[in-house]
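In listed order, ligands and their atoms are each counted from 1.
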Amino acid sequence: MTLKYNTFQSIADIIRHQTNHHPTIGMILGSGMGPLADEIESPTFIPYNTIPDFPKSHVKGHEGRLVIGKLQGKTVLVMQGRVHFYEGYSIQTVTMPVRVMQVLGLKTLIVTNAAGGINTSFRAGDLMLITDHINILGMTGTNPLIGPNFAEFGTRFPDMTSPYNLELQQKARQVAKEAGIKLHEGVYACLSGPSFETPAEIRFLKTIGADAVGMSTAPEVVVARHGGMKVLGISGISNVVVSQPTEVSATTHEEVLEASKVIAPKLITIVKGVLGQLPTEPNRIDGLA
Ligand code: HPA
């Protein structure tokens, strides 16, 4: 299904009518990362199922609502739960919330996910700053920008040489260091899922330079960059992957959710620290753009 620009506009209008906040920063929270949204002050909650045409997740660990409010003095619009391509949505629908953020004027996107650790120095419960990605989904024909170009947002052939903003990465490193949180760095590979990877697929991913693997994020980042947003991405390493066939070690979604209990507090510290370092928002008077 090709989405229309006015669909993004109508959803943005619905959101505007339900909150007095004027968010400048968007956040997408991955599996088990929802507790971050509990910290938001004077929140407006908008369940996805009350927004016409908005995709809804059916995956455990994804709450399914927008939370709009203040965090560290910044006005944020948080997606508490996201949808995935493997749920059967088109990749344009999966990334539609990022388009809505762009219509709302958000300039920064902070994206988190749960990922499998490929780099052998990673342990379950660790964090990885995403420095780059390999969008295998996109490379195999499921790029979210396929179809007519939305010139309102960006150019037909957008540059992807710096998908993850260097300044935001630097802020995240600094915050993690000050808080004594180990923050690995690496390349995130995005596959469609929902089946986890075979050992041969893991060896392939290792060979091509991936440090972590997951089933989200890259499409949203491609759309965010197309629309000129600055992106910060952090993976929570929920499990380490297996590169040789074995009978005993299986990756499960329960394992992913369990690890998020260790990951979420560290991630919250880093995200709040980065938000705190972003420039103060201009005062706004309602009714003015
Ligand atoms: N593979 C793919 N996606 C994931 C994994 C994994 O091991 N862990 C969490 N999301």
Side-chain angles (χ1 to χ4, degrees), residues 27-36 57-64 79-89 91 94-95 110-140 142 182-222 233-267:
M27 281 192 225
I28 303 178
L29 304 182
S31 295
M33 310 298 171
L36 182 54
S57 177
H58 302 290
V59 181
K60 203 172 157 204
H62 287 265
E63 285 81 354
M79 292 186 65
Q80 203 176 18
R82 61 144 71 78
V83 299
H84 305 80
F85 182 62
Y86 63 73
E87 293 180 70
Y89 294 106
I91 202 69
V94 167
T95 51
I110 300 179
V111 55
T112 70
N113 58 48
I118 297 176
N119 187 313
T120 49
S121 70
F122 294 0
R123 297 287 169 267
D126 286 353
L127 296 181
M128 182 188 90
L129 177 67
I130 308 178
T131 54
D132 203 345
H133 71 223
I134 304 175
N135 184 10
I136 296 177
L137 253 186
M139 293 166 79
T140 51
T142 312
K182 183 166 60 177
L183 182 62
H184 297 290
E185 303 196 4
V187 174
Y188 173 88
C190 169
L191 273 62
S192 76
S195 48
F196 288 113
E197 301 70 36
T198 67
E201 286 164 349
I202 292 299
R203 294 196 300 276
F204 162 72
L205 293 174
K206 202 180 266 188
T207 306
I208 63 171
D211 296 287
V213 57
M215 306 172 189
S216 66
T217 303
E220 290 122 312
V221 172
V222 166
I234 302 178
S235 291
I237 304 299
S238 54
N239 56 289
V240 289
V241 299
V242 170
S243 58
Q244 292 300 331
T246 163
E247 292 290 337
V248 287
S249 175
T251 309
T252 64
H253 188 55
E254 282 61 39
E255 192 181 355
V256 172
L257 293 180
E258 197 52 39
S260 67
K261 292 183 191 149
V262 182
I263 292 166
K266 295 193 280 186
L267 198 70

Considering the heavy atoms of [X], write down every atom of ligand 1 situated less than 4.0 Å from one of them.
X: E197; value: 1 (N), 2 (C), 6 (C), 7 (O)
X: M215; value: 2 (C), 3 (N)
X: V241; value: 7 (O)

>> Looking at every heavy atom in both E220 and T95, which two are closest together, and how far apart are they?
In response: N-CG2, 3.8 Å
>> I need the minimum non-hydrogen distance between K206 and S243, along with the two atoms involved.
In response: NZ-OG, 4.0 Å
How far is [atom] from the closest protein heavy atom, and which atom is that?
atom: atom 8 (N) of ligand 1; result: N239 OD1, 2.7 Å
atom: atom 9 (C) of ligand 1; result: S238 OG, 3.4 Å
atom: atom 5 (C) of ligand 1; result: G116 N, 3.4 Å
atom: atom 6 (C) of ligand 1; result: F196 CD2, 3.5 Å

> Looking at N119, D126, D211, which hits side chain to side chain donor-acceptor pair (under 3.5 Å) with H184?
Replying inline: D126
> Can you tell me if G214 has a non-hydrogen atom under 4.0 Å from ligand 1?
Replying inline: yes
Can you tell me how far the [atom1] atom of [X] sits from the [atom2] atom of [Y], to the nearest 0.5 Å?
X: E197; Y: I202; atom1: CD; atom2: CD1; answer: 4.5 Å
X: L267; Y: S235; atom1: CG; atom2: OG; answer: 9.5 Å
X: L137; Y: T142; atom1: CG; atom2: OG1; answer: 5.5 Å

> Counting heavy atoms only, which of G117, S216, A114 comes nearest to atom 10 (N) of ligand 1?
Replying inline: A114
> Hey, is N113 touching ligand 1 through its side chain, its backbone, both or neither, going by heavy atoms under 4.0 Å?
Replying inline: neither
> What part of V213 sits under 4.0 Å from ligand 1 if we count only heavy atoms: the side chain, the backbone, both or neither?
Replying inline: both
> Where the side chain of S216 meets the backbone of H84, is there a donor-acceptor pair that is under 3.5 Å apart?
Replying inline: no
>> Go through it in stages, so that I can follow the logic: the residues are M215 and N113, the test is side-chain contact (heavy atoms from CB on, under 4.5 Å), and I'd like the CA-CA distance, side-chain angles, deciding distance and then a yes or no.
In response: CA-CA 9 Å; M215 306 172 189; N113 58 48; over 6 Å; no
